[in-house]
Every structure is written in structure tokens, then in C-alpha cells.
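To start, the structure under review is shown below, and the notes come after it.
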There are 2 protein chains.
Amino acid sequence: MKVLSKACVYGLRALIYMALKKGDSPYVSIGEISEELDISFHFLTKTFQSLTEKGILKSYRGPSGGVAFAQPPEAIFLIDVVKIIEGEGFFDSCLLGLPGCGEAAPCPVHDFWKEARGAMKREFETTSLAGLADKVSRQRLRISE
Amino acid sequence: MKVLSKACVYGLRALIYMALKKGDSPYVSIGEISEELDISFHFLTKTFQSLTEKGILKSYRGPSGGVAFAQPPEAIFLIDVVKIIEGEGFFDSCLLGLPGCGEAAPCPVHDFWKEARGAMKREFETTSLAGLADKVSRQRLRISE
DNA sequence: AGGATTTAAGACTATTTTATCTTATTTTAT
DNA sequence: ATAAAATAAGATAAAATAGTCTTAAATCCT
Ligand code: SF4
Ligand code: SF4
């Protein structure tokens, strides 16, 4: 059961790294992140581009440029990131795919599945990047080797 | 968020069809099922083979042969089928894949994820084919067009 | 015995998704 | 100017999924 794509996992890791860093300048170069977390630079770049487009990040070119949060990490929730990277319909997935289904004539596992994916959605809606970063630093979790 | 593969969904649909049928002879030909549910015959055959190997189904060749439940559908739970088709580790998946994780140093979403996938597993462990078939027939749900 | 039916087994192909690399452009600091 | 950095688009590669086809073996019917 693979839930999140590599792009999404990489993106989240990188964002947590950023939230964890909060250094002098708000801008962190993608090169640094990719090196530090051992993620393909170009892959991460592409992923970040969509985050920038959607207003999660802002970017600055040139020397000592990089990307930075466009909103405080306290206000960025996992669902925002996931929806951008995995697609809008991520939490509308279907379990059995029976033909002719729908709320009117749902499949026999719909009740359960609706609840399960709802719980997941709620969790993603309420977990912020800052929250995760906090947990990571408090419990000394690693984000890379 | 695609959770189950086509093979698995097809397999489950076909099994529900069988559980729903309970005709004269216990054996149903794969040809009939594939036609009825509009699933590729060979594809379904392959999927069913693994179920037969693992003792969920038994098969009988020759005219008026087919496959039948090796155990009563009341005793076949979704998890049995899913584990065979999707693989043993289906419910051990990881959400964030942070390096160096583990119970000792779990990632910041582990608590939630462990619970979520546990709930899913429990549901799959307690839902039988007979139960689903029952629901389908009682609520007149469709399994094909 | 012979032909029809049906699963078994596995090779093979095709499609889609995921991931990575290449190249070139734009922007900015020094 | 030069170098550092993001941006952009697309080519390529690798892997996973899905689907098809061929042949063989078993079983039944006449
Ligand atoms: S009823 Fe719900 S779970 Fe079932 S097939 Fe439809 S969307 Fe999927
Ligand atoms: S702690 Fe759990 S959810 Fe987090 S990376 Fe490890 S297995 Fe995955």
C-alpha cells in the first residue's frame, strides 16, 4: 500500500528540513537541501516549482537565492502540500471501484472507506509543517542519514 | 490515493460474484465470471490461480469445471485475499519513509499512521466475503453494469 | 479413443507511472 | 562580466501495472 509518491515524500522531507532550519536568511538553496537530504536536485526542483506556483513557497534567483516559505510553516498543513503534489482528488479515492457506485448505491465497503479516508484527511488538515518540525526536533528524529 | 491494484479489485469483485451466486454446483467457470463482470479472462485466471494456490479457491478442469470456494465464504476475509494479491506486507506500509525510522525513532506522523493503517487492517480482518455479498444483495448493489 | 471444455503456467507485450537527466534560460549578487 | 542560483521544458530511463497470447494438462462427454 503505497500511499504517497516519492515526489510527495521528498517534498515533505524537504519542507520539514526548511521548517527546522529557520536560519538567518529565510531563503534556502535547493542545492543545499538536495545535498543534505540526498534527494535528486532536479527532481526536487520540479516538485518545488509547483509549490512555488501554488503559493506555498516563494523563490529568489541568483547567488544566495533559494526558496522560502511564502506562509509561516505554522499555517501550512500537510493537506496543502499533498493536494498540490498528489493532485486535488487525492482524498476522494475509491476502494473497490464497483461500477455504478455512488452515494445513492454505494458499494459494500463504502461506509468504512469513507470513514477511513475521512480520518486521514482530517489528520492531514490539522497537521502543520511547524508541528512536524517541532516533533522532529523535540524527539531528535532524523530526516536524513 | 490508489489503494488496491486492478488485479485485486477484479479478484474481489469476482469473489463477491461467486459468493452471491451459490447455485446448484459450487463450481463456476472463470469464463462465465469474466464475461459477466467484463474482466479479461486471462487476467482473472492468473489472479485466481494464486488464490487457488493459497487455498482460498479450489479448481476443477474439464467441461462444467471451474473454481469454487475452498472454504466457506463466511470464513474468507478480505485480508486473506488482499495479502495474497497485493503481497504480505500490504499493511506494513510506511507513510513518510524517513531514513533511520523505526519504533525506536519513529517519524513525526508515525503515531497517526500506525493507527490509521491498523484500523484498515482490522476492517479487512473482520469483513468476510459472505458479509459483503450479503450487503450487496440486501441493498441491491451492482457488481457489473 | 477422440474431441470439447476448462484451468494452469508462463512468456510476452503494452501502457502507465515514476523518477532522473539534459540542456538552456533567466535572474541576481558581487 | 562572471558566477551562482532558480526556472523551464523535454528527453530519457526505469519500474510497476495491466493485459494478451500460446501452449499444456486435466477432465468430461459421447
Ligand atoms: S461506494 Fe465508495 S468505496 Fe465503493 S466503489 Fe463507490 S466510491 Fe468506491
Ligand atoms: S516512523 Fe512509521 S510512518 Fe514514519 S517513516 Fe517510519 S514506518 Fe513510516
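Proteins get letters first, then strands, A, B, ... in listed order; numbering begins at 1 in each.
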Exercise for the section: Return the value, rounded to whole Å, for the distance between atom NZ of B/K6 and atom P of D/dA16. Expected result: 19 Å
Handout entry: Considering all heavy atoms, the nearest A/I84-A/S50 contact
Key = CG2-O, 4.0 Å
Practice task
Start with the C-alpha gap between A/E115 and A/R122, add the side-chain angles, then the distance that decides, and say whether salt bridge (Lys or Arg N to Asp or Glu O under 4.0 Å) holds.
Solution key: CA-CA 10 Å; A/E115 180 49 45; A/R122 276 192 299 281; 3.2 Å; yes
Practice task
Just compare C/dA9, D/dT20, C/dT20 and give me whichever is closest to any side-chain atom of B/E53.
Solution key: C/dA9
Exercise for the section: List the atom of B/F112, the atom of A/M120, and the distance in Å for their closest heavy-atom pair. Expected result: CZ-CA, 3.8 Å
Exercise for the section: Ignoring backbone atoms, establish whether A/S59 has a side-chain N or O less than 4.0 Å from OP1 or OP2 of D/dA5. Expected result: no
Handout entry: Proximity to the side chain of A/S29 - top-ranked nucleotide from D/dT7, C/dT20, D/dA6
Key = D/dA6
Exercise for the section: Start with the C-alpha gap between A/E32 and A/K21, add the side-chain angles, then the distance that decides, and say whether salt bridge (Lys or Arg N to Asp or Glu O under 4.0 Å) holds. Expected result: CA-CA 12 Å; A/E32 175 193 325; A/K21 180 146 178 170; 2.4 Å; yes
Practice task
Mind calculating the distance between CD1 (A/I39) and C1' (C/dC21) to the nearest angstrom?
Solution key: 17 Å
Practice task
Could you check how far CZ of B/F43 sits from C1' of C/dC12, rounded to whole Å?
Solution key: 15 Å
Exercise for the section: Hunt down the Watson-Crick or G-U wobble partner of D/dG19, both distances under 3.5 Å, from any strand shown, or write none. Expected result: C/dC12
Practice task
Can you tell me the distance, in whole Å, between the CG atom of A/D38 and the P atom of C/dT20?
Solution key: 10 Å
Practice task
Look at the side-chain N and O atoms of B/K2 and state whether any lies under 4.0 Å from the OP1 or OP2 oxygen of D/dA18.
Solution key: yes
Practice task
Can you tell me the distance, in whole Å, between the OH atom of B/Y27 and the C1' atom of D/dT27?
Solution key: 12 Å
Handout entry: Nearest atoms (heavy-atom pairs only) where B/L20 meets B/S137
Key = CD1-CB, 4.0 Å
Problem - Nearest-Å distance for atom pair CE/P, residues B/M1 and C/dT18 - result: 14 Å
Completion exercise
B/L15 and B/F48 have their tightest heavy-atom pair at CD2-CE1, 4.3 Å
Completion exercise
Taken to the nearest whole Å, CG/B/L44 to P/C/dA8 is 11 Å
Exercise for the section: Find the distance between CD1 (B/I39) and OG1 (B/T47) and round it off to the nearest 0.5 Å. Expected result: 8.5 Å
Practice task
Using a 4.0 Å heavy-atom cut-off across all strands, classify A/Y10 as base, sugar-phosphate, or nothing.
Solution key: sugar-phosphate
Completion exercise
In short, A/V28 meets A/Y17 closest at the heavy-atom pair CG1-CE2, 4.4 Å
Problem - Upstream residue (5' side of DNA chain D) when A/V28 and B/L4 are each assigned their closest nucleotide - result: A/V28
Handout entry: Integer-rounded Å distance: C/dG10 P and B/F48 CZ
Key = 19 Å
Fill in the blank from the handout: Expected string for nucleotides 22-30 of chain C under the B/S/- scheme (protein heavy atoms, under 4.0 Å, primed atoms plus P, OP1, OP2 as sugar-phosphate) is BB--BBBS-
Completion exercise
Note: for B/Q49 and A/A7 on DNA chain C, the residue whose nearest nucleotide lies more 5' is B/Q49
Practice task
Tell which nucleotide pairs with C/dT30, taking only Watson-Crick or G-U wobble pairs whose two distances are both under 3.5 angstrom.
Solution key: D/dA1
Handout entry: Presence of donor-acceptor pair under 3.5 Å, side chain of B/K46 and base of C/dG10
Key = no
